[in-house]
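A quick write-up on the structure given underneath.
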Amino acid sequence: MTSDRRLIAIDHIELQAPPGIESELRWFYVDFAGLHPVDNPQSTKPEVMTFRSDRIDLRITILDHPAIESVDGRLTLLMPNLEEAAEMLKDKNYSFHWYRGLSFTDRALILHDPAGNRTTFRRLWSTGRL
């Protein structure tokens, strides 16, 4: 059985974003990051966008004056192929930075989501036997 685990967290993640960028957030977290959108009740005030991976939710509250985490990395996601992800970002002229540590496996893409929240993408390494 394969897992669709993309979010690295021990509990649900809460972020905030300003109104008017919902479609950009949907592209970023669904089309690019591979999370699954979750329908929220229309009566929710303030509006909350929810994206799911496995059993963990990313909840983004839409507020007029959001608290944006642009420096502190509050969100890490797993990506099957960082090079393909980087090409996809380049095609969209989306700004990102490569992080390369001392080992081959210590690589990541560091960028900001459309709201400006700092986000890190790490490679999803196979957990199967060699």
> Is the Tyr94 ring parallel, tilted or perpendicular to the Trp27 ring (thresholds 30°, 60°)?
Replying inline: tilted

>> Over 60° means perpendicular and under 30° means parallel, so tell me whether Phe28 and Phe32 are parallel, tilted or perpendicular.
In response: tilted

Any side-chain heavy atom of [X] sitting closer than 4.5 Å to one from [Y]?
| X | Y | answer |
| --- | --- | --- |
| Leu58 | Leu35 | yes |
| Thr119 | Leu77 | yes |
| Phe121 | Thr76 | no |
| Pro114 | Leu25 | yes |

> Are Arg123 and Glu83 within salt-bridge range, i.e. N to O under 4.0 Å?
Replying inline: no

> Is the shortest distance from a Lys or Arg side-chain nitrogen in Arg118 or Glu69 to a carboxylate oxygen in the other one below 4.0 Å?
Replying inline: no

Can you tell me how far the [atom1] atom of [X] sits from the [atom2] atom of [Y], to the nearest 0.5 Å?
| X | Y | atom1 | atom2 | value |
| --- | --- | --- | --- | --- |
| Glu14 | Asp57 | CD | CG | 9.0 Å |
| Met49 | Leu15 | CE | CG | 12.0 Å |
| Leu63 | Glu47 | CG | CD | 10.0 Å |
| His12 | Thr50 | NE2 | OG1 | 9.5 Å |
| Arg74 | Thr120 | CZ | OG1 | 12.5 Å |

If you compare all heavy atoms of [X] against all heavy atoms of [Y], which two are closest, and at what distance to 0.1 Å?
| X | Y | result |
| --- | --- | --- |
| Ile68 | Ala17 | CD1-CA, 4.4 Å |
| Pro19 | Asp64 | CG-OD1, 3.5 Å |
| Ala115 | Pro18 | CB-CD, 3.9 Å |
| Ile60 | Gln16 | CG2-C, 4.0 Å |
| Leu109 | Ala85 | CD1-CB, 3.9 Å |

If two hydrophobic side chains count as joined below 4.5 Å and joins carry through other members, does [X] share a cluster with [Y]?
| X | Y | answer |
| --- | --- | --- |
| Tyr29 | Leu82 | yes |
| Ile13 | Val30 | yes |
| Leu75 | Leu89 | yes |
| Phe51 | Met88 | yes |

> Any donor-acceptor pair under 3.5 Å linking the side chain of Ser95 with the backbone of Asn93?
Replying inline: no

> Which ILVMFWY residues can you reach from Ile110 by hopping between side chains whose heavy atoms are under 4.5 Å apart?
Replying inline: Tyr99

>> Test: salt bridge (Lys or Arg N to Asp or Glu O under 4.0 Å). Region: residues 84-104. Which pairs qualify, not counting sequence neighbours?
In response: Glu87-Lys90

